[in-house]
Amino acid sequence: MRNGGENRGRLLLVILIVSSLFLITLDLRGVNVLDGLRSGTQTALSPFQRAGSVVLTPVKNFVNDVTQLGRTRNQIEDLRKQNQKLREQLISRKNQDGEIKQLKSILDLAGTARFKIVSAKVISQGSSLAFTRTITIDAGSGNGIKKNMTVIAGNGLVGVVKEVFSNSAIVMLATDPAFKVGVRIAGTQQIGILAGLGSSTANLQLLDNQTTIKVGDILLARGSINAQPFVPGVPVGRVTSVSNAAGAVTQSATVEYFVDFGGLGVVSVVVKAPKADPRDALTPVKPVPTPIPTVTVFVTPTPSASPLGN
Amino acid sequence: MLLRRFGITSTIFALFFIGQEAVVNQLSFPAGGFSIFLILTLLWAALSTPEVAATVGFGAGILLDLSPSTSGPLGHWTLILVLMSYAISFLSYGDENKRGNPLSLILIVTLSQVIVLASYLVTGFLLGITATSFAQTLTTIIGSAVWTMVVTPLLLPAVAWLHDLAFDSRMRI
C-alpha cells in the first residue's frame with residue numbers, strides 16, 4: 001500500500017515535470033495562446049497595481065526621501081522653516097508636483113525634438129528577483145503605444161517598450177543587462193554601443209579605434225531605422241571614466257545615465273519621431289556655477305578711543 | 001473535501017500573488033528585496049505532503065510564469081517550483097523536528113529560496129535569457145536570502161494557520 005502511494009507520488013511528479021517542459025517548449029516555439037495568457041494576467045492585475053500605486057505613494061516618497069537625504073538636505077532645511085500646516089500641504093501635494101515637474105521636463109525635451117509623445121504614470125516596478133529591470137506604465141495599445149517604441153523622461157532615455165497590453169505596457173529600462181543602444185558622442189560623429197549593467201551605470205564600447213573619448217563627454221542615442229526602437233538625439237548619459245586597456249582594440253568607458261531610475265513617476269513614449277534628426281539640439285546644458293560674491297570688510301580703528309561709560 | 005482544499009488553497013495563493021504584484025513589487029527594497037509569494041509557496045510545501053507540495057509548486061509556478069514582470073518562458077518557474085516544492089516536502093515530511101520547529105522552517109525556506117533563484121538563473125542562462133553581472137546576481141541572491149530570513153518569521157504564523165484551515169492538519173508551530 002505504501003509502495004503504491006509512493007509510486008502515485010512519483011507518477012504525479014513526473015507528470016508535472018513533463019507538463020512544465022511541455023509549456024516551456026510551447027512558449028519557445030511562440031504559441032500565441034500563451035502570449036494571450038500573460039496579456040490577460042496583466043489586464044487583470046492592472047487595477048490592483050493602480051490601487052497599490054495610489055496607496056503606496058506616501059511610503060515610496062518617504063523611502064525616496066530617506067535614501068536621498070544627502071541630496072535633498074537643502075530642500076529639507078527650507079521645509080523646516082515653514083509652519084506645520086504648510087508642510088502637511090506640501091507633503092500631500094509633493095507627489096503631484098513631482099509628476100508635473102517630470103512631465104514638464106519631458107514636454108520640454110519632446111518639444112525641442114518635435115517628438116509626438118504619449119505620457120504615462122509608472123504603476124509598478126518589475127521584480128528584481130527576475131534579474132531584469134522593467135517598469136509597468138498605465139498606457140497601452142489603446143493609447144497608440146506599440147512594441148519597440150522609445151521611452152523618455154525629462155533628462156533623457158529611460159528604455160524601450162518591451163510588451164504592450166490594452167491599457168498598460170512593460171518598459172525594459174536602460175539599466176537592464178540585456179539592454180543595448182547605439183550612441184553618438186555629442187558634437188562629434190564618434191559612435192559606440194552602450195550596454196546596461198543592471199545598475200545606474202552602463203558600459204560604452206567605441207566602434208572605431210581611431211576615435212577617442214574623454215570624461216564628461218555626453219552621449220546621445222544614435223537612432224534606428226524608422227526610429228524604432230530608438231529615436232535619434234535623445235540624451236543618454238555622461239562618460240564618468242575611460243578605460244585604456246593595452247590589449248583592447250577600441251576604447252571603452254563607464255557611463256552614468258542622466259535619468260534617475262529610482263525616482264521615475266511619469267515617463268513618455270515617443271509614438272512618432274520627426275523626419276529630421278535633431279542632432280545635438282537635445283544635449284543637456286552643463287550647469288554654470290553661480291559665482292558667490294566675496295564681501296571684504298575694512299575696519300579702521302578710530303584715532304582716539306573714548307573710554308567706556310563716557 | 002478535495003474541492004474545499006483546492007478552493008481555499010487557490011484563493012490564498014491568488015491573494016498573495018496579487019499582494020506581491022500590487023504591493024511588494026511597487027517598493028524598491030535594497031539588494032533585490034523579497035517575494036512573499038515565493039515564501040508562501042516554499043512554506044506551504046514544507047508543511048504539506050510531497051504530492052500536495054508538487055501540485056502547489058506547479059500552480060504557483062504557473063502564476064509566477066504569468067506575471068508580466070517575468071522574462072523567462074512560460075513553464076520556467078513552474079519546472080523549478082515543482083522540483084523544489086517536492087524536494088522540500090520529501091526531505092522534511094514525517095520529521096516533526098523539522099516541520100514543527102519554526103527555526104528549521106525559516107532555515108529551510110531561506111535555503112530553498114537561494115536554491116530556487118540560483119536554479120532559475122542557471123536554467124535561464126541555458127534557455128538563452130541574458131543574465132546580469134556576477135556581482136549583481138550575488139547581491140540579489142544574498143539580499144533576497146537575508147530579506148527572506150527577516151520576512152518568513154512574520155508570515156509563518158499566518159501561513160501555518162491558513163494551511164491548517166485548508167488541510168485541517170492540526171499542526172501547531
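Side-chain contact check for A:T41 versus B:F17: some heavy-atom pair is nearer than 4.5 Å.
Residue contact with chain A, scored on non-hydrogen atoms closer than 4.5 Å, involves the side chain of B:I141 exclusively. At a 4.5 Å heavy-atom cutoff, the contact between A:L45 and chain B is made by side-chain atoms alone. For A:I123, the part sitting under 4.5 Å from any heavy atom of chain B is the backbone (N, CA, C, O) and nothing else. For chain B, the nearby parts of A:I17 are the backbone and the side chain; heavy atoms of each come within less than 4.5 Å. Residue contact with chain B, scored on non-hydrogen atoms closer than 4.5 Å, involves the backbone and the side chain of A:Q42 alike.
Heavy-atom neighbours of B:F13 CZ from other residues, nucleotides or ligands within 6.0 Å: above the threshold of 12. More than 12 heavy atoms of other residues, nucleotides or ligands shown are found within 6.0 angstrom of CZ on A:F261.
A distance of 5.0 Å separates OG of A:S20 from CZ of B:F58, quoted to the nearest 0.5 Å. In this structure, B:L74 CG and A:F22 CZ are separated by 11.0 Å, a value rounded to the nearest 0.5 Å.
Here the rule is side chain to side chain contact (heavy atoms under 4.5 Å, CB included) with B:L79, and of A:L23, A:V18, A:L16, A:I24 only A:I24 fits it.
Formation of a donor-acceptor pair under 3.5 Å by the A:D27 side chain with backbone atoms of B:P73 is not found in this model.
Contact tally against chain A (heavy-atom pairs below 4.5 Å) for B:L63, B:L127, B:D65: the top residue is B:D65.
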